[in-house]
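Following: one structure in structure tokens, then a few remarks.
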Amino acid sequence: MSRPPSSPTFKENAAAALADPALQGALHFVETNFPARRRAAVEALPEFDALRDSARAIKDHTLAHLDLYLEAFEQKVIENGGHVHFAPTAADANRIVVEICRAKNARLVTKGKSMVGEEIGLNAHLEAAGIRPVETDLGEYIVQIRDELPSHIIMPAVHLNKAQVADDFRRVHTDLPRDRDLSEPTALLAEARATLREKYFEADVGITGANFLVAETGTAVIVTNEGNGDLTATLPKVHVVITSIEKLVPTLEDLSQLLRVLARSATAQEMSVYTTLFTGPRRSDDPDGPEEFHVVLLDNGRSAMLAGAFHDMLRCIRCGACLNHCPVYHAVGGHAYGWVYPGPMGAVLTPALIGVDQAGHLPNASSFCGRCEEVCPVKIPLPRLMRTWRERAFSRHISPKTERAGLGLWAFFAKRPKLYRLAFGLGMRLLARLGRTRGRFSWLPLASGWTAHRDLAAPQGATFQAQWRKARRNA
Amino acid sequence: MSAREQVFSAIRRGLGVTGDEAPRRKIVADRLADHPTGVVPSRGKLEGDERIGLFLRMIERAAGTAMRLAGPDELPGAVLDYLKRAGLPPALRRGEDAYLAGVPWNRTPDLVITIGPSDGHDLVAISHAVAGIAETGTLMLTSGSENPTTLNFLPDHHLVVVEADTVVGDLEAAFARLREREGAEHGMPRSVDLITGPSRSADIEQTLILGAHGPRRLHVIVIGDPRKLRASPAARKRRAKAAAAAAETSPPVAR
Ligand code: SF4
């Protein structure tokens, strides 16, 4: 029922993305805009790096005691009058949410942005059950009416320009005058605001994700800039939080540490506009708020990651910084990755969640420049984890035959140093001659597996080993 | 096996634990009871007027507006002024908050004030914050009939009153106030809203636009003088206890 991933055709997706001028324009904006803004926000806080260490330690500590913090969280939610549901798989989570909606005879639900909701394909399941989901985050609303996946975990519609959005609004908002002026983003936002305002009041159930869960208090924390998450959580009779088990932190103090790195990493803000702590349903003397509060806790492969090589990935707080700093993401955008999670974090997480046979290409979508790890607020060693996937794919014989043959050949030379120096020295000089004019090759005999998708920088004339020896002599 | 057991046993298998290990249980129980503080930015350690100054600056950096008043008596005039300048009708929605109820609103008879949550038809609301957080210019508001949550999100203009002596340096100090408030033994309020500036979106071509789904403007009014800092009863108690403990453990001072 949910969209099948297109990750297996990553190479074709990437080629199409590179040839799409509208997309390239949008991506150029990410590249030129975000890294500088994040750097300014980080430099304004001298304690930022200490906070990253603190954030990483908190996540590691919580993961090491995840069962016990989950118990504590569950108990507090119940004490506060809420419900906790455990969902081992995506199918379980969808069934639970649909059942909650059915029990209320819900016809319309409003939704805050939730990557877990995207991961399980929740909208498709709600629609199949005759329930209409309406996304309320502006970016999510745009990709919903286009029937697309978000192309970024923080800015879902970052791949589009305003003219494309205006066309979509004209297509969908048919009750408005056709000749209205939608040339500026302000007009588009005003139209979305007015359209969605009505929906908050009509909705029977509000579904949001959560950025963090606090074990100490049984609280779900939702961070937004638009205020849509709060209206979704406050106005309908039922609030459902769809989230996953690794979102836990122990206490409000721990939450404070993570909030300080999240907003700066995600949007270069000191603090997002709305950080809301939701604990249970409306109290007896409350004048507003939902009558029911549900938390659905998804596992979907995460518990299996606790033991293995990809444990560190469970620290991820979905800030999007690794996407914003990734040259591959800048070149091909989010949709090329073919599933919900793009960029470096997606290249590590997607194979873990949908299988390396489906997503084996993604860990190759890296230049190993290391910028993702440098900016990650919880210091996840993303390049190393991508490399681990590559090794696994290789040992499981998933990588293409030519690549295996090439590596076999390299291994043959590598074990014979003299031959290696001779053969590679010759090759390097040849390549340097050929590439002198442009400094790079877009095509090379026998290397089309590489050059079909990226240019190869021309070598500078001597091998690394030769340069090393020369440098040592000169020193 | 229930879904719950399935998830717990998968986690415990992943961690190689049974869940019954006493040392692990103690580590978790202690962490939850002690809730230790981590890294707090030094800018959160400012005091008095400097702290209020940072608070106001950070609000403005987040595209909010801010002003200071000497006392609650000045509030009605300041509110009427704001409405006039923004070209708004003299109408205001508020909750049952005791501080706001104690303001001499009868000084501005033109101002129509109604009380209760919002149904989406109010242009302007006023709330009373539990705390202001100087490090980021953030307001802390809690749900309840005193300051209904709908007032924070539905009106176009949100005015928020902060008493100067409730402006704290950092987020941890604001959470400490939350733990010490009346009724804290019953746990958290339904919602705790940390608000930093007016609502916004940059989802279309990364053009930042104020007024997405929530208020288009956020106006913060700090009332009073921070120098008359009064500690909360719980903080006073804690300090006395710490002093007593220190007296017990430290050697007598030679005179
Ligand atoms: S991997 Fe790190 S940088 Fe990337 S989204 Fe997760 S927390 Fe952010």
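For the numbers below, each heavy atom of this structure counts, side chains included, while hydrogens, waters and symmetry mates do not. By convention in this document, chain letters (A, B, ...) are assigned in the order of the sequence lines, proteins followed by strands, and residues within each chain are numbered from 1.
- Only the side chain of B/Phe8 comes within contact range of chain A, with at least one heavy atom under 4.5 Å from a heavy atom of that chain.
- Two residues are said to be in side-chain contact when any heavy atoms from C-beta on lie closer than 4.5 Å; B/Asp203 and A/Pro156 meet this criterion.
- Distance check, rounded to the nearest 0.5 Å: CZ of A/Phe29 to OG1 of B/Thr207 gives 6.5 Å.
- The pair B/Arg25-A/Asp67 does not meet the salt-bridge criterion, since no charged nitrogen lies less than 4.0 angstrom from a carboxylate oxygen.
- Heavy atoms of A/Leu66 lying under 4.5 Å from chain B belong to its backbone as well as its side chain.
- For the set A/Asp299, A/Asp254, A/Thr219, A/Thr89, the count of heavy-atom pairs under 4.5 angstrom toward chain B peaks at A/Asp254.
- Residue A/Thr62: no heavy atom, backbone or side chain, is found under 4.5 Å from chain B.
- Among all heavy-atom pairs drawn from B/Pro148 and A/Asp288, the shortest one is CB-OD2, 3.3 Å.
- The list of salt bridge (Lys or Arg N to Asp or Glu O under 4.0 Å) pairs with a residue in residues 214-233 of chain A, not counting sequence neighbours, reads A/Glu216-B/Arg179.
- With a 4.5 angstrom heavy-atom cutoff, B/Pro215 touches chain A via backbone and side-chain atoms both.
- Between chain A and the options B/Gly187, B/Ala33, B/Pro189, B/Gly137, heavy-atom pairs under 4.5 Å are most frequent for B/Pro189.
- Interface remark: B/Ser201 contributes backbone and side-chain atoms alike to the contact with chain A (heavy atom separation under 4.5 Å).
- Counting heavy atoms from C-beta outward, B/Ile204 and A/Ile142 have side chains that approach closer than 4.5 Å.
- Contact of A/Glu74 with chain B is made through the side chain alone, with heavy-atom distances under 4.5 Å.
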Could you go through the salt bridge (charged side-chain N to carboxylate O under 4.0 Å, His left out) check for A/Glu71 and B/Arg4 one step at a time? CA-CA 10 Å; A/Glu71 277 179 1; B/Arg4 183 183 184 282; 5.0 Å; no
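- Atom CG of residue A/Asp285 and atom CD of residue B/Glu96 lie 9.0 Å apart, to the nearest 0.5 angstrom.
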If you apply the rule side chain to side chain contact (heavy atoms under 4.5 Å, CB included), what do you find for A/Leu297 with B/Val7, and how did you get there? CA-CA 9 Å; A/Leu297 289 165; B/Val7 171; over 6 Å; no
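- Between B/Asn152 and A/Thr234 the shortest side-chain heavy-atom distance does not fall below 4.5 Å.
- Side-chain contact between A/Val30 and B/Gln206 is present, with at least one heavy-atom pair separated by less than 4.5 Å.
- The choice from A/Arg282, A/Lys76, A/His85 that makes the most heavy-atom pairs within less than 4.5 Å of chain B is A/Arg282.
- Rounding to the nearest 0.5 Å places CG of A/Leu45 at 8.0 Å from OG of B/Ser42.
- With values rounded to the nearest 0.5 angstrom, B/His213 atom NE2 is found 8.0 Å from A/Thr232 atom OG1.
- Under the 4.5 Å side-chain criterion, counting only non-hydrogen atoms from C-beta, A/Leu255 is in contact with B/Phe175.
- Of the candidates B/Val192, B/Leu194, B/Ile195, A/Thr275 forms a side chain to side chain contact (heavy atoms under 4.5 Å, CB included) with just one, namely B/Leu194.
- There is no contact between A/Ala263 and chain B, counting heavy-atom distances below 4.5 Å.
- Between B/Leu171 and A/Arg260 there is a side-chain heavy-atom pair separated by less than 4.5 Å.
- Taking both residues in full, the closest heavy atoms of B/Pro198 and A/Tyr274 are given as C-OH, 4.3 Å, listed atom of the first, atom of the second, then distance.
- In this structure, the portion of A/His61 lying under 4.5 Å from any heavy atom of chain B is its side chain and not its backbone.
- When all heavy atoms are compared, the tightest approach of B/Val39 to A/Ser54 is CG2-CB, 4.1 Å.
- Annotation for A/Leu68 and B/Gly19: closest pair CD2-O, 3.8 Å, computed over non-hydrogen atoms.
- Taking chain B as the reference chain and counting heavy-atom pairs below 4.5 Å, the highest number among A/Ala50, A/Ala64, A/Gly25, A/Ala72 is found for A/Ala64.
- With chain A as the partner, the residue from B/Arg12, B/Gln6, B/Glu5 showing the most heavy-atom pairs under 4.5 Å is B/Arg12.
- Between chain A and the options B/Ile27, B/Val17, B/Leu210, the largest number of non-hydrogen pairs under 4.5 Å is found for B/Ile27.
- Contacts between A/Ala157 and chain B at a heavy-atom distance below 4.5 Å involve backbone atoms as well as side-chain atoms.
- Taken to the nearest 0.5 Å, the NE2 atom of A/His311 stands 7.0 Å off from the CG atom of B/Leu15.
- Between the side chains of B/Thr196 and A/Glu270, no donor-acceptor pair of N or O atoms lies under 3.5 Å.
- Residue B/Thr142 does not touch chain A at all, counting heavy-atom pairs closer than 4.5 Å.
- Residue contact with chain B, scored on non-hydrogen atoms closer than 4.5 Å, involves the backbone of A/Leu160 exclusively.
- Here the shortest heavy-atom pairing between B/Met188 and A/Asn80 reads O-OD1, 4.4 Å.
- At least one side-chain heavy atom of B/Ile11 sits under 4.5 Å from a side-chain heavy atom of A/Ile245.
- Heavy-atom distances place the side chain of B/Met58, and not its backbone, under 4.5 Å from chain A.
- In this structure, the portion of A/Pro281 lying under 4.5 Å from any heavy atom of chain B is its backbone and not its side chain.
- To the nearest 0.5 Å, the span separating CZ on B/Arg190 from OG1 on A/Thr279 amounts to 9.5 Å.
- Among A/Ala307, A/Ala194, A/Pro88, A/Ala220, the residue with the largest count of heavy-atom pairs under 4.5 Å with chain B is A/Pro88.
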Salt bridge (charged side-chain N to carboxylate O under 4.0 Å, His left out) between B/Arg43 and A/Glu47, worked out: CA-CA 10 Å; B/Arg43 71 158 89 132; A/Glu47 295 85 357; over 6 Å; no
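- Evaluated for a side chain to side chain contact (heavy atoms under 4.5 Å, CB included) with A/Pro287, the options B/Ser145, B/Ser143, B/Ser118 yield exactly one hit, B/Ser145.
- When A/Ile222, A/Leu277, A/Leu306 are compared by the number of non-hydrogen pairs under 4.5 Å with chain B, A/Leu277 comes out ahead.
- For B/Arg200 (side chain) and A/Asn225 (main-chain N/O), no donor-acceptor pair under 3.5 Å exists by modelled atom type.
- With a threshold of 4.5 angstrom between heavy atoms, B/Glu205 approaches chain A through its backbone and through its side chain.
- Within the 4.5 angstrom heavy-atom criterion, no atom of B/Leu218 approaches chain A.
- There is no contact between A/Phe293 and chain B, counting heavy-atom distances below 4.5 Å.
- Side chains of B/Leu154 and A/Tyr200 form no contact here, defined as non-hydrogen atoms less than 4.5 Å apart.
- Contact of B/Ala62 with chain A is not made at all, since no heavy-atom distance falls under 4.5 Å.
- With a 4.5 angstrom heavy-atom cutoff, B/Arg31 touches chain A via backbone and side-chain atoms both.
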